[in-house]
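To keep things clear, I will list the structure first and then write my remarks on it.
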Amino acid sequence: MRKKVLIVGCTGEVGSRLTRLLLDNDYLVQGLSGFRNCTIHHPNHICRKIDLLKFGSIQDILDFKPEIMVLTAWLTSPKVFWDSPIFIVTGK
């Protein structure tokens, strides 16, 4: 039975590479993306744009029932990430 992996930030630099690596090793991968469109097309991969700060958005994760979760999402915009309201809301 294939392991299910949830990747938060699957469209970013690190997340997309990890997603491809896992798919090449026969994992089922659900990716969550905030802003970017997913460019990975594979039968074992589902990618959803989702706002984790919105009520109810967690249901997709619960339905998938991942065994492993990896957080690769990070705001890296120069001069923005230090004071981003995203991190203030999430409790930085």
Does a side-chain heavy-atom distance below 4.5 Å link K3 with I68? yes
Shared hydrophobic cluster, V70 / I40 (ILVMFWY, side-chain heavy atoms < 4.5 Å): yes
Taking atom CD of Q30 and atom CE of M69, what is their separation to the nearest 0.5 Å? 10.5 Å
Donor-acceptor contact below 3.5 Å, side chain R36 vs main chain T11: yes
With sequence neighbours excluded, tell me which residues meet salt bridge (Lys or Arg N to Asp or Glu O under 4.0 Å) with E13. R17
Measure from the side-chain N and O atoms of T72 to the backbone N and O of G9, and report whether any donor-acceptor pair falls under 3.5 Å. yes
To the nearest 0.5 Å, how far apart are NZ in K65 and CG in L6? 14.5 Å
Once you round to the nearest 0.5 Å, how far does CG of D26 lie from CG of L28? 7.5 Å
Any chance you could measure L32, atom CG, to C47, atom SG, to the nearest 0.5 Å? 7.5 Å
For the student: nearest non-hydrogen atoms of C10 and G31, plus distance: SG-CA, 3.5 Å
Please say which of L22, L23, L21 ends up in a side-chain contact (heavy atoms from CB on, under 4.5 Å) with N25. L21
Between V29 and L18, is there a shared hydrophobic cluster once you connect ILVMFWY residues whose side-chain heavy atoms come closer than 4.5 Å? yes
Within a strict 4.5 Å, meaning less than it, do heavy atoms of the S33 and C38 side chains meet? no
Kindly give the heavy-atom pair with the smallest separation between Y27 and N44, and that separation in Å. O-CB, 3.6 Å
Those residues that, when tested against N37, pass side chain to side chain contact (heavy atoms under 4.5 Å, CB included) (two or more places apart): K49
